[in-house]
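Structure, as structure tokens:
So that the names make sense, note that chain A is the first sequence line, chain B the second, and so on, each numbered from 1.
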Amino acid sequence: MLVNAYSKKVFNLAYQFAGSYEEAEDMTQDIFFKLHSSIEKYDFEKNFTAWLLTLARNHLIDQYRKTKWEKKSRDEFNEHLLSADSRSCPEEGVMIQESKKIVWEAFNHLSSEIRMAIILRDIQGKKYEEIAEIMDLPLGTVKSRVNRGRLQLAKILKEKKEEKNGL
Amino acid sequence: MDCERFEELLSPYLEDDLTLEEKQIVDTHIRTCASCTELLSLMKQARESLASFPEVEVSEILVEKLYELPQKRKKFRFVTDFLLRPSLQPIMTAVTVLLVCLSFYAFNPDRTAINRSIERQFQIGFSKVEKLYAEAESITHTLGEYKDNVLVSIKNFKPFRGDEDEQPKT
């Protein structure tokens with residue numbers, strides 16, 4: 001039941017955060033193991049998805065700090081994401097494809113907290129209030145982190161664009 | 001408005017989360033600053049790219065592993081429950097004390113002094129045991145002598161000798 005309902009959500013969060021398919025599979029198993037161990041602590045009055053994602057977020061950021069994933073490169077964008085992208089079609093602009101690739105690779109330049117905020121807001125489309133609950137942060141801090149993350153990504157896109165034009 | 005302040009307002013501007021007054025200030029800045037206009041356009045592009053990231057499917061192998069996790073946890077719980085049984089607590093305490101003593105000995109910078117002291121105590125103990133053994137030997141020897149005397153006395157005691165001492169009458 002839990003696996004069916006939440007494995008995709010947790011796995012995608014781990015994959016977007018870590019950037020490595022294998023790493024994300026290991027992390028998903030760890031998160032579900034933790035979920036089974038701490039399910040007794042769950043307060044039934046709270047939102048279960050937010051509670052699970054908080055558990056996942058804490059585990060991912062802890063592991064990131066311990067193992068320093070940023071030193072490892074992320075999977076190639078084309079490797080798993082492009083094949084999974086049913087919406088992508090030949091008509092989709094080359095520019096959008098290119099910028100998706102750059103943004104995916106640029107994730108490694110964002111700090112773990114900013115990366116998590118961007119994933120929850122811009123990829124998963126969550127409301128700021130939900131993100132604040134998951135990340136256990138004030139609303140203003142979440143908004144500021146999202147803005148900083150988007151700015152960093154925009155600046156990286158700008159650099160890449162300038163590099164391309166310079167060549 | 002400076003560019004730094006503009007950068008702070010970029011996200012709320014894109015998400016239409018500004019007051020009318022702030023929005024007008026941002027709009028005015030955009031018309032005058034080419035660099036910020038480009039940044040705004042790139043931020044839009046980054047947001048669009050992020051929003052169109054696809055969801056990746058979970059592999060069947062991973063799903064199987066996730067279903068097996070509660071079983072693994074049961075095994076894990078069996079081991080921890082066994083180790084945390086109340087009847088094992090005295091043994092665990094003794095082992096802990098032993099390990100603390102061992103670690104105290106192993107990590108002590110003045111270990112040679114401890115060795116010497118242990119050796120001295122051992123020698124004192126050994127000599128005490130030797131003395132006790134010698135005393136026990138002398139007691140055994142004395143008892144042996146007493147035993148011989150008692151046996152001789154018993155042999156010489158008349159009632160036990162019977163007719164041996166009487167001379168045959170001729």
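Taken from CZ in Arg145(A) to OG in Ser11(B), the straight-line distance is 14.5 Å, to the nearest 0.5 Å. To the nearest 0.5 Å, the span separating CD on Gln45(B) from NZ on Lys158(A) amounts to 13.0 Å.
The 12-atom threshold is exceeded at CG of Leu98(B), counting heavy atoms of other residues, nucleotides or ligands nearer than 6.0 Å. The number of heavy-atom neighbours closer than 6.0 Å to NZ of Lys9(A), taken from other residues, nucleotides and ligands shown, is 12 or below. Within 6.0 Å of NZ in Lys8(A) there are more than 12 heavy atoms belonging to other residues, nucleotides or ligands. By the neighbour-count criterion of 12 heavy atoms within 6.0 Å, atom CG of Asp136(A) is sparsely surrounded, having that number or fewer from other residues, nucleotides or ligands.
Of all the listed residues (Leu2(A), Ile156(A), Thr28(A), Val146(A)), the one sharing the greatest number of non-hydrogen pairs under 4.5 Å with chain B is Thr28(A). Among Leu157(A), Ile119(A), Asp122(A), the residue with the largest count of heavy-atom pairs under 4.5 Å with chain B is Asp122(A).
Here the shortest heavy-atom pairing between Ala154(A) and Leu42(B) reads O-CD1, 3.6 Å. Between Leu66(B) and Ser7(A), the shortest heavy-atom contact is CD1-CB, 3.7 Å. Across all their heavy atoms, Lys155(A) and Leu39(B) have their closest contact at CG-CD1, 3.9 Å. Shortest non-hydrogen contact noted between Tyr128(A) and Glu15(B) is OH-OE1, 2.8 Å.
When hydrophobic clusters are built by joining Ile, Leu, Val, Met, Phe, Trp and Tyr residues whose side-chain heavy atoms come closer than 4.5 Å, directly or via intermediates, Phe48(A) is grouped together with Leu120(A). When hydrophobic clusters are built by joining Ile, Leu, Val, Met, Phe, Trp and Tyr residues whose side-chain heavy atoms come closer than 4.5 Å, directly or via intermediates, Tyr105(B) is not grouped with Leu99(B).
Of the two parts of Phe32(A), the backbone and the side chain both hold a non-hydrogen atom closer than 4.5 Å to a non-hydrogen atom of chain B. Using a 4.5 Å cut-off between heavy atoms, Arg148(A) makes no contact with chain B at all. Neither the backbone nor the side chain of Ser41(B) comes within contact range of chain A; no heavy atom of the residue lies under 4.5 Å from a heavy atom of that chain. Looking at Ile118(A), the atoms closer than 4.5 Å to chain B (heavy atoms on both sides) all sit in the side chain, from C-beta outward. Within the 4.5 angstrom heavy-atom criterion, only side-chain atoms of Glu48(B), from C-beta onward, approach chain A.
A salt bridge links Lys161(A) with Glu38(B); the closest basic N to acidic carboxylate O contact falls under 4.0 Å.
At least one donor-acceptor pair closer than 3.5 Å links the side chain of Asn147(A) to the backbone N or O of Glu7(B). Between the side chain of Asn12(A) and the main chain of Glu55(B), no donor-acceptor pair closer than 3.5 Å is present.
Between Ser52(B) and Lys100(A), the closest side-chain pair of non-hydrogen atoms falls below 4.5 Å. Taking 4.5 Å as the limit, some side-chain heavy atom of Tyr67(B) sits within range of a side-chain heavy atom of Asn4(A). The shortest distance between side-chain heavy atoms of Asp17(B) and Lys143(A) falls below 4.5 Å. Contact annotation: the side chain of Leu50(B) approaches that of Leu153(A) to within less than 4.5 Å [non-hydrogen atoms, C-beta and beyond].
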